[in-house]
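In what follows, residues are counted from 1 in the order of the sequence shown.
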Amino acid sequence: MTLNKIYEPGEDSYLLQKYVDQYSKVDSVLDMGTGTGIQGLTASKYATNVLSVDVNPEAVKQTKTLIEIEKKKNIKILESDLFSKIPKQKFDLIIFNPPYLPKHKHVDNIALVSGKRGVDTTLKFMDNVNEYLTTNGKILLITSSLASQSLLDESIKTNLLEKKELEKIHVFFEDIILYE
């Protein structure tokens, strides 16, 4: 399984970034799966404190360099597999552009693929997110029409969350969906 390739921003990232611009005028933001750092750096323009995390050490290294170049004092970077190394604290906004493609014999990059139905990583995230979300906190979550929406909906309900579709864009063979 490929790990070290950093997920480069694409249509999904830019869709999410547009809403990060709007939603990050808060005290604390968690950028889960930061990749190139695009969302965390965008949030740091508005939020008081941003914590960006990624399981990929190369992504952490690259984002740390960008933070230093841009002289950002309100953003920290941490290597973590989802919430495993995140200190127990609450965030007003949690941003997540997870891997959302179903497993396919020609694609094995963990930045893209999330189990047979494209939601394994998102479901693990959902099972823990309430411990890190403030009472009135929001989540911005990207998914794909190729991922199991029924499993995602079930997890949202089980974890006592509500979802609202903010925007959907059609790209090649799928719809990219942004939920709040």
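Checked against side-chain contact (heavy atoms from CB on, under 4.5 Å), Lys90 has the following partners two or more places apart in sequence or in another chain: Thr134.
You'll find the side chain of Asn128 stays beyond 4.5 Å of the side chain of Leu82, heavy atoms only. Two residues are said to be in side-chain contact when any heavy atoms from C-beta on lie closer than 4.5 Å; Thr122 and Thr143 fail this criterion.
In terms of heavy atoms, Lys88 sits closest to Tyr132 at NZ-OH, 3.2 Å. When all heavy atoms of Gly35 and Ala59 are compared, the closest pair comes out as O-CB, 3.3 Å. Of all the heavy atoms in Tyr14 and Pro9, the pair that sits closest is OH-CB, 3.5 Å. Contact detail for Pro87 and Leu78: the closest heavy-atom pair is CD-CD2, 4.3 Å.
Tested against Met32 for a side chain to side chain contact (heavy atoms under 4.5 Å, CB included), the candidates Ile86, Leu51, Ile95 yield a single pass: Ile86. Considering Val20, Ile94, Val29 as possible partners of Leu140, the one that fulfils the side chain to side chain contact (heavy atoms under 4.5 Å, CB included) test is Val20. Between Thr34 and the options Ile77, Ile75, Val53, Asn97, a side chain to side chain contact (heavy atoms under 4.5 Å, CB included) holds for only Ile77.
Ile38 and Ile142 fall into different hydrophobic clusters, where Ile, Leu, Val, Met, Phe, Trp and Tyr are joined by side-chain heavy atoms under 4.5 Å apart, directly or via other members. Using a 4.5 Å cut-off between side-chain heavy atoms of Ile, Leu, Val, Met, Phe, Trp and Tyr, with links allowed through other members, Ile177 and Phe172 fall into different hydrophobic clusters. Clustering ILVMFWY residues whenever any of their side-chain heavy atoms sit less than 4.5 angstrom apart, transitively, puts Leu93 in the very cluster that holds Leu178.
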* To do: Kindly determine whether Leu146 and Phe173 satisfy side chain to side chain contact (heavy atoms under 4.5 Å, CB included), including the steps that lead there.
  => CA-CA 9 Å; Leu146 299 176; Phe173 50 85; 3.3 Å; yes
* Asked: Taking it one step at a time, do Lys72 and Asn74 satisfy side chain to side chain contact (heavy atoms under 4.5 Å, CB included)?
  -> CA-CA 6 Å; Lys72 293 286 188 177; Asn74 64 332; 4.1 Å; yes
* **Stepwise side chain to side chain contact (heavy atoms under 4.5 Å, CB included) test for Glu11 and Ile169** => CA-CA 8 Å; Glu11 292 88 350; Ile169 58 173; 3.9 Å; yes
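Counting non-hydrogen atoms of other residues, nucleotides and ligands closer than 6.0 Å to NZ of Lys45 gives a total above 12. Lys25 NZ: more than 12 foreign heavy atoms inside a 6.0 Å radius.
Inspection of the Ser145 and Glu174 side chains reveals no N or O donor paired with an N or O acceptor under 3.5 Å. The closest side-chain donor-acceptor pair between Ser28 and Asp92 falls under 3.5 angstrom.
Between Phe125 and Phe96, the ring planes are tilted. Angles from 30° to 60° get that label.
Applying the ring pair (Phe, Tyr, Trp, His ring centres under 6.0 Å) test to pairs two or more places apart or on separate chains, none has a residue in residues 60-80.
One distance of note links CG of Leu16 with CD1 of Ile176; it measures 11.5 Å at 0.5 Å rounding.
Side-chain N or O atoms of Ser84 include one that pairs as donor or acceptor with a backbone N or O of Asp81 at under 3.5 Å. With hydrogens and angles ignored, the 3.5 Å screen pairs no side-chain donor or acceptor of Asp27 with any backbone N or O of Thr48. Listed for the Asp175 side chain is no donor-acceptor partner under 3.5 Å among the backbone atoms of Val171. Looking only at distances, a side-chain donor or acceptor of Gln39 sits under 3.5 Å from a matching main-chain atom of Ser13. Looking at Asp31, its side chain never comes within 3.5 Å of a backbone N or O of Ser52 through a donor-acceptor pair.
Salt bridge absent: Glu79 and Lys85 never bring a charged side-chain N and a carboxylate O closer than 4.0 Å.
If you look at Tyr46 and Tyr23, their ring centroids are not closer than 6.0 Å.
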Could you go through residues 159-168 and list every donor-acceptor pair under 3.5 Å that involves a side-chain atom there, pairing it with any protein atom two or more places apart or in another chain?
residue	atom	partner	partner atom	Å
Asn159	ND2	Met126	O	3.4
Asn159	ND2	Asp127	OD1	3.4
Asn159	ND2	Ser155	O	2.9
Asn159	ND2	Ser155	OG	3.3
Lys163	NZ	Asp153	OD1	2.5
Lys163	NZ	Tyr179	OH	3.3
Glu167	OE1	Lys18	NZ	2.7
Glu167	OE1	Tyr19	OH	2.8
Glu167	OE2	Lys18	NZ	3.2

